[in-house]
Every structure is written in C-alpha cells, then in structure tokens.
Amino acid sequence: MRAVSVFANLSYLPSLAALLNSILHFRVQARIKVYDFSGFPHLAKSHLAGYATIVSPSREVFGDRYLTHWNYRPRMLVEGLDPYELQLDADTVVLSDMEPAFREIERGNLVVLREWRYDHGVKDEKRRDERDRELPPDSIFH
C-alpha cells in the first residue's frame, strides 16, 4: 500500500493544509497519513480526518521524553509504517504527481530529496551558515 505521510502538530497546521491541498491537486495515488505527535485539538482532527488518516502515538511509544526530544517522535513509525510510505516535511508543497518517487520506492530504492542547498556566499536567515552543516557525499540524511 502506498502512503504519503507527515509529522505535524498544531503549529504546522497552515503548512500542513498547503501540503494536503498540493497532494490532492496532483491526485497523488496514495493514502495520506498525518502523524499527530502532540495532540491536535478535536476540531483540527475532525477536519483533517476528511482528507487523511490521523495516526496518534500509543502509550507504549510515548516514554518520558517523547514530547521534549524531537528524535523520539519517529518511534510512532514502529506501529504502522506502510510498505511504500513516502514521508514529507510539513512545510513541503508537492509540485508533481509523485509517481516516479513511488516507482523507485516499489523497486526497493531509498528516495531522499535535499531540503535545502547550502550556499557559502549567501547569509542564511536561519543561521545555518554559522554552523558546519556540510554532510559527507554518501550521507542519506539532509
């Protein structure tokens, strides 16, 4: 089963709405999943449920540091990752039908896209230029 998924909370709701609209616009042939990592209010969940499957963490994945350490949130994936699941950042907008990406995933390939390109000559608003953010060429992380 194909799925497009995103981790989100209430602060990402406007970005999530844009992402969902772009997925629906391009008629991406996949289930849409929203991993709700900090509890959407009922009204937001009700609205989102019309477009996506809302996945909330179970008590087992919470632990004592779940809400305070972002790297604990992917534990939610243990309980229901689809066979062909493409995970997107909440602040992403889809610009095509995504069929080529899903074909690569179905062939067993890992699909990773660069989120941003570091340019030494341009000052970065998020101050990424003040830290060493270069990654080795064989890294799968962005």
inquiry  = When you group the ILVMFWY residues by side-chain heavy-atom contacts below 4.5 Å and let the links chain together, are I54 and L86 in the same group?
reply    = yes
Intermediate values then yes/no, side-chain contact (heavy atoms from CB on, under 4.5 Å), D36 and V55 = CA-CA 6 Å; D36 176 13; V55 180; over 6 Å; no
ask   = Which heavy-atom pair separates S22 from V94 by the least distance, and what is that distance?
value = OG-N, 2.9 Å
inquiry  = Any non-hydrogen side-chain atom of Q29 less than 4.5 Å from a side-chain atom of R27?
reply    = yes
key: Minimum-distance pair of heavy atoms, taken over all atoms of V111 and A101   = CG2-O, 3.7 Å
message = Which heavy atom of A44 sits nearest to which heavy atom of L13, and what is that distance?
response = CB-CD2, 4.3 Å
task = Of all the heavy-atom pairs spanning E85 and S5, show the shortest one and how long it is.
result = OE2-OG, 2.7 Å
ask   = Side chains of K33 and Q87: closer than 4.5 Å at any heavy-atom pair?
value = no
key: N/O donor-acceptor pair under 3.5 Å between N109 side chain and I105 backbone   = no
query = If Ile, Leu, Val, Met, Phe, Trp and Tyr residues are connected whenever their side-chain heavy atoms lie under 4.5 Å apart, and connections chain through other members, are Y12 and L20 in the same group?
reply = no
request  = Determine, step by step, whether R2 and E99 satisfy the side-chain contact (heavy atoms from CB on, under 4.5 Å) criterion, reporting the C-alpha distance in whole Å, the side-chain angles of both residues, the deciding distance to 0.1 Å, and the verdict.
outcome  = CA-CA 11 Å; R2 290 178 172 186; E99 188 61 31; 2.8 Å; yes
query = So which heavy atom on F102 is nearest to which on A30, and how close?
reply = CZ-CB, 3.7 Å
key: Shared hydrophobic cluster, Y51 / F26 (ILVMFWY, side-chain heavy atoms < 4.5 Å)   = yes
note = Closest heavy-atom pair, I23 versus V4, reported as atoms and distance to 0.1 Å, is CD1-CG1, 3.6 Å
message = Taking the side chain as everything from C-beta on, heavy atoms only, tell me whether V34 gets closer than 4.5 Å to L16.
response = yes
pair V6-Y35: side-chain heavy atoms closer than 4.5 Å = no
inquiry  = With clusters defined by side-chain heavy atoms of hydrophobic residues (ILVMFWY) lying less than 4.5 Å apart, directly or transitively, does V93 cluster with V28?
reply    = no
task = Go through R31 and D82 one step at a time and tell me if the side-chain contact (heavy atoms from CB on, under 4.5 Å) criterion holds.
result = CA-CA 9 Å; R31 171 167 90 133; D82 284 322; 2.8 Å; yes
request  = Following the transitive rule for hydrophobic clusters with a side-chain heavy-atom cut-off under 4.5 Å over Ile, Leu, Val, Met, Phe, Trp and Tyr, establish whether L24 and L88 coincide in one cluster.
outcome  = yes
message = Do the side chains of R103 and E106 get close enough for a salt bridge, i.e. N-O under 4.0 angstrom?
response = no
